[in-house]
Every structure is written in C-alpha cells, then in structure tokens.
Amino acid sequence: MYRTKTCGELRISDAGKEVTLAGWVQRTRKMGGMTFVDIRDRYGITQIVFNEETDKELCDKANKLGREYVVQIVGKVNERYNKNPKMPTGDIEIIASKLNILNKSLVPPFTIEENTDGGDDIRMKYRYLDLRRSNVRANLELRHKFCLAVRSFLDSKGFLEIETPVLVGSTPEGARDFIVPSRMNPGQFYALPQSPQTLKQLLMVAGMDRYFQIVKCFRDEDLRADRQPEFTQIDCEMSYVEQDDIIRIFEEMTKYLFKEVRNYDLGDEPFIRMPWIEAMTRFGSDKPDMRFGMEFVELMDILRGSGDFAVFNEAEYIGGICAKGCASYTRKQLDELTNFVKSPQIGAKGLVYARVQEDKTVKSSIDKFYSQEIMTKVAEKMSAEPGDLILIISGPDAMKARKQLCELRLEMGNRLGLRDKNKFALLWVVDFPMFEWSEEEQRLMAMHHPFTAPKPCDIPKLDTDPSNVLADAYDMVCNGVEVGGGSIRIHDAVLQAKIFEVLGFTPEKAQEQFGFLMNAFKYGAPPHGGLAYGLDRFVSLFAGLDSIRDCIAFPKNNSGRDVMLDAPSAVDQSQLDELKLSLCSDSE
Ligand code: ASP
C-alpha cells in the first residue's frame with residue numbers, strides 16, 4: 001500500500017497510530033536538530049518531524065528533500081506541542097520512521113501555495129502545477145459537486161442525459177463556427193456545435209420528452225473574462241411545455257443547487273420576471289445586477305430644451321443615477337468617473353454630475369446652462385437628498401446611452417461595495433424582442449436564435465412589423481450575469497420557414513441549411529422548449545471568481561491559445577495534403 005491515510009485526515013484522536021502517507025513536499029524547515037516537512041495531497045497538508053538525535057541518517061535524507069518531491073512516509077501520529085489552529089491537521093504531526101523518495105522534482109517555477117508568486121502566463125503554462133494549489137483545486141471540486149447535483153436533480157425529474165455529436169454541420173447561433181476538414185470528403189467541413197440546439201429539438205421529435213446534457217460548445221468569438229472558445233453548457237429540452245413550465249422546473253433546480261452546493265437559501269418566493277424592455281429602461285441591461293438599486297431615472301422631460309446645453313438639447317436619451325452619500329466625491333474621483341465613461345470600451349462623450357447640498361440646493365457641472373429651479377426638479381425626480389451625488393449620461397442613441405449609464409451604475413456599485421459576492425440576486429428576463437437590426441449585415445437577426453417561437457399574438461406582425469415582434473424567450477440572470485437562457489421553439493415547418501424568410505434566407509438557402517429540421521417538423525413534432533445554462537459561469541458565481549478560467553481545468557488564454565499544449569499549432573504538410581488543403585501566405 002502506498003498509503004494508509006491521506007494528508008488531510010489525521011486528527012488528535014489518531015494519536016499513537018502508525019500510518020503511511022504519500023504526497024508532495026510543500027516545504028521543509030530545519031530548526032536545530034529537528035527537521036519539519038509539510039507534505040501535501042489533494043486532501044490537505046500534514047507536518048512530518050525528523051529528529052537528528054533519534055535517526056541521523058533519516059534526518060539527513062529529509063534535509064535533502066526539495067520542493068515538490070514525491071515522498072512516502074511511515075511514522076507515528078503524535079500530539080503537537082505547538083498546535084496550529086489554522087490547519088485541520090494542526091493538532092498532530094507524524095514522527096517519521098521511514099522516508100521513501102518516490103520521485104524527484106525540478107524546482108517549480110512558482111510557489112505552490114494559496115498565494116502564489118506566479119503570474120497568469122506562467123501558471124497557465126504549468127497548469128498541472130497550478131492545479132496543485134488548494135484554492136484552484138477547490139474550484140474543480142465545486143464544479144464536480146455542482147455537476148453531480150445537476151444530474152441528480154434532473155434525473156429525479158425524468159430527464160435523460162443523451163450525448164450528441166461534436167462533428168456536426170454549421171448551426172447559426174450568432175457566433176462564428178470552428179470548422180474541421182473532412183479527409184474522407186475532401187473539400188467538405190464539419191462544424192463544431194455552437195450548442196446542440198437543433199439536435200436536442202430533434203430528440204424531442206424523437207419522443208425523448210425530457211433531455212439534458214452537460215456538453216461542450218464551441219464558438220469562435222473574441223474572448224473576454226467570461227468567454228472561452230470552448231465552454232460547457234447544461235443543455236436542456238422538454239416536450240409539451242409552455243414558458244411557465246420551464247421557468248418553474250429550472251427555478252426549482254436553481255434553488256436546489258444553491259442549497260445543495262453553496263448552502264445558500266434563495267427562499268420560497270418565485271424569482272422576479274422582468275420584461276426585457278423594463279430591464280433596459282430601469283437598468284440599461286438585459287442582465288441587470290439586482291443586488292443593489294441605483295435605478296435609472298429618465299430626465300428628458302426636465303433637461304431637454306430647458307437650458308442652453310446643446311448636448312442635452314440634441315440627445316435622444318438623458319438619464320441619471322443617484323449615488324447615495326457621494327456628494328463629497330472629490331474632483332479627482334469625479335475625473336476618474338468621467339475618464340471611465342469616456343474610455344473606448346464605454347464610449348460616452350462625457351459625464352454630468354450634480355451634488356445635492358445640505359440646504360437642498362444643487363451644485364452641478366452644468367450650472368451655467370440650467371437654472372437652480374430646473375436642477376432642483378432633477379434632484380426631486382431622482383429622490384436625491386442632501387449629501388447625494390447625481391450622475392447623468394446622455395446621447396443621440398438611446399440604447400447606447402443606456403448601456404453607458406449601465407456601466408457607470410455597475411462601477412458605482414463596485415466602488416460603494418454594493419456587489420457583495422456572497423449575496424445572490426436572481427431574476428428572469430422575459431419578453432425579449434424576436435429580432436434585432438444588424439448594422440453590419442443590414443438585416444434583421446434573431447436575438448436568441450432562429451428556432452425561437454414568436455409570442456403567438458405577435459405572429460401576424462411578422463409580415464407587417466417584425467421589429468416589434470416579441471419572442472417566447474427567457475434568460476436567467478444572477479448578479480448581473482446571464483447564467484442561462486432559452487425559449488419555446490417553433491415546431492411548425494411553415495412558421496419556421498416564415499422566420500427564415502424574415503431573417504433574409506431564400507427558401508433554397510433555408511432548405512439547404514435547415515432542411516433536416518423543417519422536414520423533421522413534418523413528422524409530428526411536439527410543442528417543445530428548453531434552455532441552457534453556462535456551467536462555467538454558474539460555477540464561477542458560486543466560487544466568487546472573476547474569470548470563468550479559474551473553474552476550468554485547462555483553459556485557453558485571451559488569444560484562444562492553450563499555452564501549456566502550445567495549441568493551436570502548425571501541422572505537417574502531409575496532413576494538409578491528405579486533407580487536400582493548401583495555405584495561402586498573408587500577402588496572397
Ligand atoms: N441553444 C441555446 C444557447 O446556446 C440555448 C437554448 O435556447 O436552449 O444559447
């Protein structure tokens with residue numbers, strides 16, 4: 001036996017026992033004639049003691065151990081004189097009688113401790129060492145527990161976990177596909193699924209009734225902290241359901257996961273359901289962070305045309321937020337906020353601010369354009385009190401201005417400590433528009449995906465007023481993060497063809513790309529709907545992480561590279577030849 005116990009399990013009640021442990025050397029300390037070695041495995045750290053007086057040879061061997069050596073130790077559990085209350089095994093130590101070096105290690109490129117000196121790049125290059133750190137490992141443990149709880153909940157509700165293929169055809173879900181050349185079909189390509197969307201719908205046509213899958217999805221998009229080129233979904237679909245049925249079951253699952261995995265009680269109340277338009281108006285976002293208020297107040301009626309300020313007089317939107325107790329913000333802090341909203345990522349033209357003073361008068365950065373009476377009206381409409389700071393954003397494009405104000409609200413939330421990672425605020429955003437206009441493509445695009453059903457009452461508008469058609473779609477939002485989203489699907493071939501037409505597909509193109517689905521709908525497709533959760537995002541929220549990378553064993557960096565495997569990489573000419581592919585140089 002390599003070991004009789006792990007490095008995390010011995011307690012004072014084990015004192016006197018003879019044990020064998022195996023693990024990695026975390027560190028060694030020599031103090032006089034004693035040598036202390038901490039050894040680590042997945043379960044914890046245990047202190048081993050070597051005594052020069054009792055066994056010099058053994059102690060000399062221990063003194064030569066390097067960091068990350070793999071060792072096996074036999075010894076007796078002893079109550080410690082100096083206990084360490086911070087360690088679960090801190091009451092005991094092992095008096096070593098044998099030391100067996102199972103493997104040596106090079107000096108690791110960074111310290112393998114909770115707070116490491118390794119930067120991101122080096123940790124990713126040596127991810128297998130990074131994963132030895134207890135906090136990184138804890139994220140993977142949490143992910144495991146999360147998946148187990150998902151499977152057990154969905155199984156209890158009759159869902160079947162069914163695998164779908166990874167080599168498929170292109171599924172247009174708004175992102176670019178990753179494509180894979182086919183050797184057996186030269187000149188033809190598979191696409192990796194952006195999600196198993198059409199396949200799960202076909203499983204409903206096949207009568208599976210309730211499907212789920214914890215599944216990899218692939219999207220060739222520009223990356224951000226909460227995006228990876230390959231990520232994992234909890235993908236679900238149900239037959240004979242309406243929006244309410246889906247919301248009910250997945251709300252129950254969410255409450256179960258929070259309780260089981262995070263020990264957090266979301267209470268008995270149903271989550272808020274907020275129409276998309278309301279979310280945009282009150283928070284400038286389709287994924288509002290509801291941990292705090294600071295809701296938008298529209299100020300067009302008061303500020304446009306009532307002063308000599310061209311920016312406001314030409315604006316299509318003027319809105320403000322009220323930061324409680326922030327009137328004392330210094331010039332420097334206000335400049336920081338102004339620079340923040342003017343940064344290229346946010347793109348606002350400027351920031352107007354107003355302080356409500358003790359005597360209720362308002363002192364603002366636009367005093368020369370507006371009377372005190374107007375500014376008092378602003379403060380009143382915003383329910384601002386003495387000591388509060390009003391921040392106003394405007395713009396010629398209402399949606400853009402709202403999004404900018406949203407970023408400012410989130411920034412203020414951060415600054416005021418209102419976005420506590422241990423607090424969770426969930427809601428459903430519902431009634432999304434069916435389509436959005438793409439400037440780039442000069443056509444309507446599906447806001448969710450083209451298989452989403454329009455609200456039945458809006459179907460007649462598909463011909464006359466498609467921009468105002470609402471979809472039977474819903475997103476689950478937690479702390480300003482879209483954790484899941486889905487829709488009721490179209491199950492009628494004629495309506496599906498109509499949607500493709502609105503999206504600008506010719507009947508031939510629609511048939512070529514989606515013939516398989518529309519044909520399947522002709523063989524008795526049941527009404528169905530579903531949703532998918534972003535597993536990485538959900539787990540990151542549970543773990544309080546800033547980036548989804550930290551809960552993925554082997555993530556890719558911002559340029560989509562796996563720096564450990566050094567992928568992607570060039571392939572041999574012979575491989576290209578076999579695939580009948582040739583590369584053109586940049587200049588061609
Ligand atoms: N396939 C969708 C997505 O990946 C989710 C769904 O509609 O079920 O966003």
Side-chain angles (χ1 to χ4, degrees), residues 1-118 122-123 126-142 144-145 543:
M1 273 216 274
Y2 271 115
R3 59 184 174 191
T4 57
K5 296 282 179 194
T6 70
C7 298
E9 68 178 298
L10 292 168
R11 299 287 181 272
I12 191 87
S13 54
D14 296 302
K17 283 186 194 156
E18 169 101 349
V19 294
T20 309
L21 301 184
W24 287 264
V25 173
Q26 169 109 356
R27 69 166 117 149
T28 51
R29 295 180 303 285
K30 190 167 159 44
M31 290 166 82
M34 310 281 272
T35 296
F36 298 92
V37 179
D38 286 346
I39 66 167
R40 158 182 25 85
D41 64 11
R42 201 184 101 194
Y43 311 94
I45 296 179
T46 299
Q47 175 169 294
I48 318 292
V49 191
F50 296 85
N51 189 340
E52 210 173 56
E53 268 175 31
T54 45
D55 191 337
K56 174 138 184 10
E57 203 181 322
L58 191 67
C59 198
D60 285 348
K61 196 171 172 188
N63 286 334
K64 288 192 199 113
L65 289 173
R67 274 162 58 202
E68 301 307 311
Y69 273 40
V70 187
V71 294
Q72 182 188 42
I73 275 146
V74 180
K76 200 177 241 167
V77 183
N78 184 40
E79 179 171 357
R80 266 206 224 181
Y81 179 65
N82 270 330
K83 298 199 171 50
N84 181 349
K86 289 198 198 116
M87 282 171 75
T89 60
D91 285 351
I92 57 100
E93 62 196 0
I94 312 290
I95 309 290
S97 53
K98 266 192 210 151
L99 164 63
N100 189 7
I101 296 173
L102 300 174
N103 211 344
K104 290 186 175 177
S105 170
L106 296 176
V107 176
F110 49 87
T111 51
I112 301 184
E113 289 181 22
E114 213 159 296
N115 293 320
T116 175
D117 55 358
I122 193 90
R123 289 195 296 109
Y126 296 92
R127 182 65 164 167
Y128 46 87
L129 296 181
D130 194 32
L131 290 175
R132 286 186 194 163
R133 294 167 54 223
S134 57
N135 41 342
V136 188
R137 187 187 61 235
N139 297 336
L140 296 189
E141 284 169 353
L142 181 75
H144 162 78
K145 273 201 204 136

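Worth saying up front: this structure is predicted, and the values here are computed from it rather than measured.
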*Does the side chain of Gln47 pick up a donor-acceptor pair with the side chain of Arg29 at under 3.5 Å?*
yes
What closest approach, in Å, do [X] and [Y] show between heavy atoms, and which atom pair accounts for it?
X: Asp14; Y: Lys17; result: OD1-NZ, 2.6 Å
X: Asp41; Y: Gly8; result: OD1-N, 4.2 Å
X: Leu58; Y: Ala96; result: CD2-O, 3.6 Å
X: Arg137; Y: Arg132; result: NH1-O, 3.8 Å
X: Ala22; Y: Cys7; result: O-SG, 3.6 Å
X: Gly33; Y: Cys59; result: O-SG, 4.1 Å

*Between Asn78 and Ile92, does a side chain to side chain contact (heavy atoms under 4.5 Å, CB included) hold up when you go through it step by step?*
CA-CA 6 Å; Asn78 184 40; Ile92 57 100; over 6 Å; no
*Charged N to carboxylate O under 4.0 angstrom, Asp60 versus Lys64?*
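No, Asp60 and Lys64 are not salt-bridged.
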*Could you tell me whether Glu52 and Lys30 have a side-chain N and a carboxylate O separated by less than 4.0 Å?*
yes
Between [X] (side chain) and [Y] (backbone), is there a donor-acceptor pair under 3.5 Å?
X: Thr4; Y: Thr20; answer: yes
X: Lys83; Y: Arg80; answer: yes
X: Arg133; Y: Glu113; answer: yes
X: Asn135; Y: Glu114; answer: yes

*Decide if atom OH of Tyr128 counts as having more than 12 heavy atoms of other residues, nucleotides or ligands within a radius under 6.0 Å.*
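Count over threshold, so yes.
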*For atom NZ of Lys61, is the number of surrounding heavy atoms from other residues, nucleotides or ligands below 6.0 Å larger than 12?*
yes
Quick one: pull up [atom1] in [X] and [atom2] in [Y] and give me the separation to the nearest 0.5 Å.
X: Leu131; Y: Arg42; atom1: CG; atom2: CZ; result: 12.5 Å
X: Asn51; Y: Phe36; atom1: CG; atom2: CZ; result: 9.0 Å
X: Tyr43; Y: Ser134; atom1: OH; atom2: OG; result: 14.5 Å

Let me check something: any side-chain donor-acceptor pairs from residues 98-112 under 3.5 Å, sequence neighbours excluded? List them with distances.
residue: Asn100; atom: ND2; partner: Gln72; partner atom: OE1; Å: 3.0
residue: Thr111; atom: OG1; partner: Asp117; partner atom: N; Å: 3.2
residue: Thr111; atom: OG1; partner: Asp117; partner atom: OD1; Å: 3.2

*Show your reasoning for whether side chain to side chain contact (heavy atoms under 4.5 Å, CB included) applies to Val71 and Ile39.*
CA-CA 8 Å; Val71 294; Ile39 66 167; 3.8 Å; yes
*Would you please test Leu10 and Val19 for side chain to side chain contact (heavy atoms under 4.5 Å, CB included) and show each step?*
CA-CA 9 Å; Leu10 292 168; Val19 294; 4.0 Å; yes
_By side chain to side chain donor-acceptor pair (under 3.5 Å) - contacts of Thr54 (at least two apart)_ =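 Counting only residues at least two positions away or on another chain, Thr54 forms no side chain to side chain donor-acceptor pair (under 3.5 Å).
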*Does the pair Glu68 and Arg40 meet the rule for a side chain to side chain contact (heavy atoms under 4.5 Å, CB included), with working shown?*
CA-CA 9 Å; Glu68 301 307 311; Arg40 158 182 25 85; 2.5 Å; yes
